[in-house]
Amino acid sequence: MKTGLLLLLSFLIFSGARAQRMDSIKYAHGYLYFHTYGSGEPIIVLTGGPGANYQQLEEVAVNLGKKQHRAILLEQRGTGRSMPQPFDTSTINLRAAHSDLNLLLDHLKLKQAHFLGHSWGAMLAMSFATAYPARVKSLMLVDPGPFKLDRAVNETYSHNREARLNPQDRQALAEVSRKVRSLNATPADQELYYKWELIPVLYDRTQVDTLITKINKGALGPKMGGLMFQDLSKKGFDLSRKLPLFTKPIHIITGSQDPGAFVSYELKILLPKAHLHWIDKSGHFPMYEQTQQFYATLDKILNPNP
């Protein structure tokens, strides 16, 4: 008995730097998993992709938990352990994602919470805020994806990515892309493909080998991403009319060199009262490219009057 208690205490002490607790919520199609860090004002943390593992933003949640906040990091449906049955368009869609967030808040007995989302996670946070504004205390959007999906946005983002690559880079990316799409792709081919996909969204490409271990931490969920974008495209994802009706604080934190930074600028035009914070010498992942500047910015947002 004493040995078991000591092991439990050791686990709790060791895991203090990580999740205080992992929990799950049963629903009609399976279980929804989430992780809690720290205590205090609740902040729902949403990773990008769609399909990125929760571990991609675990360092952010851990740091929030150290700053007198209660960070709740969701394993979004279709990622990590939150695998629905069936796993298809009937269970992976924007409406289901909204339902999961409401389920999470209800389970935690929270009327509302702050929401911090990165990339796709920011798109989901914005969408949820327009659908359920009473449940969102504020939005913190880190390098947000578009608030409206259309051809112009896709082309601008694609051109910005392409501009970061020289002709030799583009040829290398095309070659490894062909291998990945073939039946003969090796794990090394897949790893190289992820690297080339990442290089255009980073400020300093020489850091790609260091950053890829953080950014691709945990198993990716490409199936979830494909299904979610299928739903968004089918329904014409467009928050441009509803988002200005959300009157609570909105903070946008964006790497100045992110190929998608134009979205943050367009958000500021759409929402003049939103606060736009630029992180210099950073691409799409300022929390890892400019860690000190990112957390200093986040601290000012969360503690405006220290």
Say whether [X] and [Y] are linked into one hydrophobic cluster, either directly or through other cluster members, by side-chain heavy-atom distances under 4.5 angstrom.
X	Y	answer
Trp120	Ile44	yes
Val45	Ile250	no
Ile252	Tyr265	no
Phe262	Val142	yes
Val60	Leu101	no

Side chain proximity check, [X] to [Y], heavy atoms < 4.5 angstrom:
X	Y	result
Ile25	Phe34	yes
Asp231	Ile92	no
Glu41	His114	yes
Thr297	Ile279	yes
Tyr37	Glu58	yes
Phe237	Pro146	no
Leu192	Lys179	no
Arg95	Ser99	no

Given side-chain contact (heavy atoms from CB on, under 4.5 Å), test Glu162 with Arg170 step by step and report yes or no. CA-CA 8 Å; Glu162 188 176 356; Arg170 294 171 197 150; 3.5 Å; yes
Testing the basics here: between [X] and [Y], what is the closest heavy-atom pair and its distance to 0.1 Å?
X	Y	value
Ala261	Ser256	CB-O, 4.2 Å
Met228	Ala97	CE-CB, 4.2 Å
Leu73	Ala61	CD2-CB, 4.1 Å
Leu276	Ser264	CD1-CB, 4.0 Å
Leu32	Leu74	CG-CD1, 3.8 Å
Asp280	Gln293	N-NE2, 3.4 Å

What verdict does the side-chain contact (heavy atoms from CB on, under 4.5 Å) test give for Arg135 and Phe128, after you've listed the backbone C-alpha separation in whole Å, the side-chain angles of each residue and the deciding distance to 0.1 Å? CA-CA 9 Å; Arg135 308 217 72 173; Phe128 185 74; 4.0 Å; yes
Please evaluate residues Asp258 and Val263 with respect to the criterion side-chain contact (heavy atoms from CB on, under 4.5 Å), reporting the C-alpha separation (whole Å), side-chain torsions for both, the decisive distance (0.1 Å), and the verdict. CA-CA 10 Å; Asp258 185 354; Val263 171; over 6 Å; no
Separation between [atom1] of [X] and [atom2] of [Y], rounded to the nearest 0.5 Å:
X	Y	atom1	atom2	result
Leu46	Met123	CG	CE	12.5 Å
Asp100	His29	CG	NE2	10.0 Å
Leu302	Leu116	CG	CG	8.0 Å

With a 6.0 Å cut-off on ring centres, are His118 and Phe285 close enough?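 When the ring centroids of His118 and Phe285 are compared, they turn out to be within the sub-6.0 Å range.
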Can you check side-chain contact (heavy atoms from CB on, under 4.5 Å) on Ile199 and Asp169, steps first, answer last? CA-CA 10 Å; Ile199 284 173; Asp169 294 337; 5.9 Å; no
Counting neighbours of [atom1] on [X] that are heavy atoms of other residues, nucleotides or ligands and sit closer than 6.0 Å, is the number greater than 12?
X	atom1	answer
Lys67	NZ	no
Tyr157	OH	yes
Lys235	NZ	yes
Gln292	CD	no
Gln68	CD	no

Less than 3.5 Å apart, any donor N or O on the side chain of Asp189 or Thr186 sitting next to an acceptor on the other? yes
Is it the case that the side chains of Ser138 and His251 hold a donor-acceptor pair, with the cut-off being a distance below 3.5 Å and no angle test?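 No, no side-chain donor-acceptor contact under 3.5 Å.
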Salt-bridged, Lys195 to Asp209, with N to O below 4.0 Å?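 A salt bridge is present here (some side-chain N lies under 4.0 Å from a carboxylate O).
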Less than 4.0 Å between a side-chain N and a carboxylate O, is that true for Glu266 and Lys148?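 Looking at Lys148 and Glu266, the cut-off is not met.
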Please lay out, stage by stage, how Glu289 and Lys214 fare under the test salt bridge (charged side-chain N to carboxylate O under 4.0 Å, His left out). CA-CA 11 Å; Glu289 295 184 79; Lys214 294 177 178 286; over 6 Å; no
